[in-house]
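Atom set for the values below is all heavy atoms of this structure, side chains included, hydrogens, waters and symmetry mates excluded. Keep in mind it's a predicted model, so treat the numbers as computed, not measured. Here is the naming used below: chain letters follow the sequence lines, and residue numbers restart at 1 for every chain.
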2 protein chains.
Amino acid sequence: MVDKRLHILEIAEQLFAEKGFEGTSVRDIANTANVNLAMISYYFGSKEKLFNALIEWRASATHDVLNELMIDETLEPFEKMEKLVNLYVDRITTNSRFHCIMTTHLPTIQSEGIKNRMTDVKYHTMESIRKIITEGQKKGVFRKVDIELTVASIMGTIIHVTSSRPLYYRVYGIEQDNPEAYGKKMAPKLKAHLRQLLQAHLAV
Amino acid sequence: MVDKRLHILEIAEQLFAEKGFEGTSVRDIANTANVNLAMISYYFGSKEKLFNALIEWRASATHDVLNELMIDETLEPFEKMEKLVNLYVDRITTNSRFHCIMTTHLPTIQSEGIKNRMTDVKYHTMESIRKIITEGQKKGVFRKVDIELTVASIMGTIIHVTSSRPLYYRVYGIEQDNPEAYGKKMAPKLKAHLRQLLQAHLAV
DNA sequence: GTTTAATTTAAACAAATGTTTAAATTTGCA
DNA sequence: TGCAAATTTAAACATTTGTTTAAATTAAAC
């Protein structure tokens with residue numbers, strides 16, 4: 001039953017995002033997912049391999065969507081950049097649990113294999129944005145900027161908003177709700193802010 | 001011997017940053033710090049109270065430096081903003097371990113008390129930047145922007161660079177070194193990038 | 001120097017951890 | 001239906017976890 005495997009992955013994602021890899025026990029996952037403890041070893045082999053499976057499952061999806069955008073030759077640099085930013089805002093806000101794991105837990109991952117795989121995924125994003133910026137510079141619509149740090153500003157802004165939820169709850173005076181509702185509220189604001197920021201930053 | 005207390009705090013900070021709160025055992029801290037296991041309970045009471053002491057110890061220092069800048073009435077908005085950004089770049093890059101804990105581990109902290117205290121510290125920064133921006137808008141040198149998300153871009157950029165070290169190692173093709181050397185290398189780049197970014201973003 | 005308090009130690013505690021086992025149950029197919 | 005493979009279960013495994021204990025050592029005060 002492949003559904004059960006997926007269900008375990010979803011529950012694991014939620015718990016890893018909330019409490020971290022080390023902070024989440026296999027029993028915790030099994031109980032929350034309503035499966036027997038041994039099923040996790042049965043399906044995935046170990047807790048670490050379960051984490052690996054989670055990364056692969058989610059990362060491949062983002063990878064495909066990003067590639068689809070990148071091969072589009074009809075878009076002008078500013079359009080392409082805006083579409084990419086909107087894509088990431090949507091993916092990170094609607095899928096905040098996974099991206100929380102990808103960003104906040106990367107430094108603490110002990111396994112070098114997992115760490116490298118997570119870095120691969122981020123590197124691919126970095127290269128896509130670099131391609132758009134250099135293309136725009138060639139066409140003379142973007143000015144000279146530090147590309148790596150421009151990527152840091154884009155990703156950093158989105159991630160800061162999603163990972164500092166307790167802060168923004170207080171800033172906006174809203175009571176705590178689930179990440180999905182928060183993401184829905186913040187996504188349009190983020191898109192507008194980043195569009196304006198990048199327009200000012202990149203326009204010649 | 002107050003030195004030993006401080007030594008334990010420094011070691012704990014290093015290990016928490018590397019492996020997270022849950023990923024670090026009290027024995028790990030004791031062994032690395034070369035103190036007896038029971039000394040941690042003796043000095044701090046518990047692992048959680050040790051974490052609390054760590055937050056208080058580091059946060060108060062940043063708080064004081066920030067306040068000193070904020071009361072300076074002689075600075076123009078752009079100067080003040082640049083000084084604040086430089087201050088945070090320096091603090092976060094030279095003190096990356098603590099800020100790694102503050103940002104990447106905030107979402108996974110289970111204790112509400114610690115979570116609130118960490119949010120307090122961030123809120124104070126948010127309010128300081130807000131003050132500078134509204135002041136600049138009153139004086140007519142800053143345009144209308146989303147203040148909260150501008151803060152997100154500033155802090156997010158710095159934090160992304162410090163917390164995605166494995167990514168930037170690969171991007172810049174440098175072999176892994178310690179966080180301090182990396183911070184020293186990135187700090188000037190970060191300051192220049194953020195100055196240019198904020199100039200473009202904020203100038204009328 | 002004696003005594004009182006503060007520090008340090010090794011050992012033990014119960015609880016929680018990731019993983020494995022071997023038996024029981026269900027499923028799919030001949 | 002019969003049977004082999006896949007799934008599910010409860011129990012146990014050995015470690016590791018945070019914390020406590022009570023004795024030993026050191027430091028400070030009189």
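Per the geometry, NZ belonging to A:Lys19 stands 13 Å off C1' belonging to C:dT17, to the nearest Å. A:Glu22 has its CD atom 11 Å from the P atom of D:dG18, to the nearest Å. When the P atom of C:dT7 is taken as reference, atom OH of B:Tyr42 falls 4 Å away, rounded to whole Å. Spacing between atom CD1 of A:Ile8 and atom P of D:dT7 amounts to 12 Å, rounded to whole angstrom units. The CZ-P distance, from A:Arg27 to D:dA11, rounds to 13 Å in whole Å. When the C1' atom of D:dT17 is taken as reference, atom CG of B:Leu15 falls 16 Å away, rounded to whole Å. Following rounding to the nearest Å, A:Tyr43 (OH) and D:dT8 (C1') show an atom-to-atom distance of 9 Å. Rounded to whole Å, atom C1' of C:dT20 lies 14 Å from atom NZ of A:Lys49.
The side chain of B:Ser46 places no N or O atom within less than 4.0 Å of a non-bridging phosphate oxygen (OP1 or OP2) of D:dG18.
With A:Lys184 contributing its side chain and A:Pro179 its backbone, the two residues share no donor-acceptor pair below 3.5 Å.
Listed here is the closest heavy atom pair of B:Lys189 and A:Leu149: O-CD1, 3.4 Å. Nearest heavy-atom pair, A:Lys19 versus B:Glu22, reported as atom, atom and distance to 0.1 Å: O-CG, 4.4 Å.
Ring-plane geometry between A:Phe21 and A:Phe16 is classed as tilted, the angle between the planes lying from 30 to 60 degrees on a 0 to 90 degree scale. Aromatic ring orientation, B:Tyr168 versus B:Tyr182: tilted (interplanar angle from 30° to 60°).
A side-chain N or O of A:Ser153 and one of B:His193 form a donor-acceptor pair less than 3.5 Å apart.
Within 4.0 Å of A:Ser41, counting heavy atoms only, lies at least one base atom of the nucleic acid.
No side-chain heavy atom of B:Thr125 sits less than 4.5 Å from a side-chain heavy atom of B:Thr62.
Here D:dG18 is the nucleotide among D:dG18, C:dT19, D:dT8 with the atom lying nearest to any side-chain atom of B:Lys47.
Contact check of residues 32-40 of chain A against DNA chain D (heavy atom, cut-off under 4.0 Å) returns A:Asn36, A:Ala38, A:Met39.
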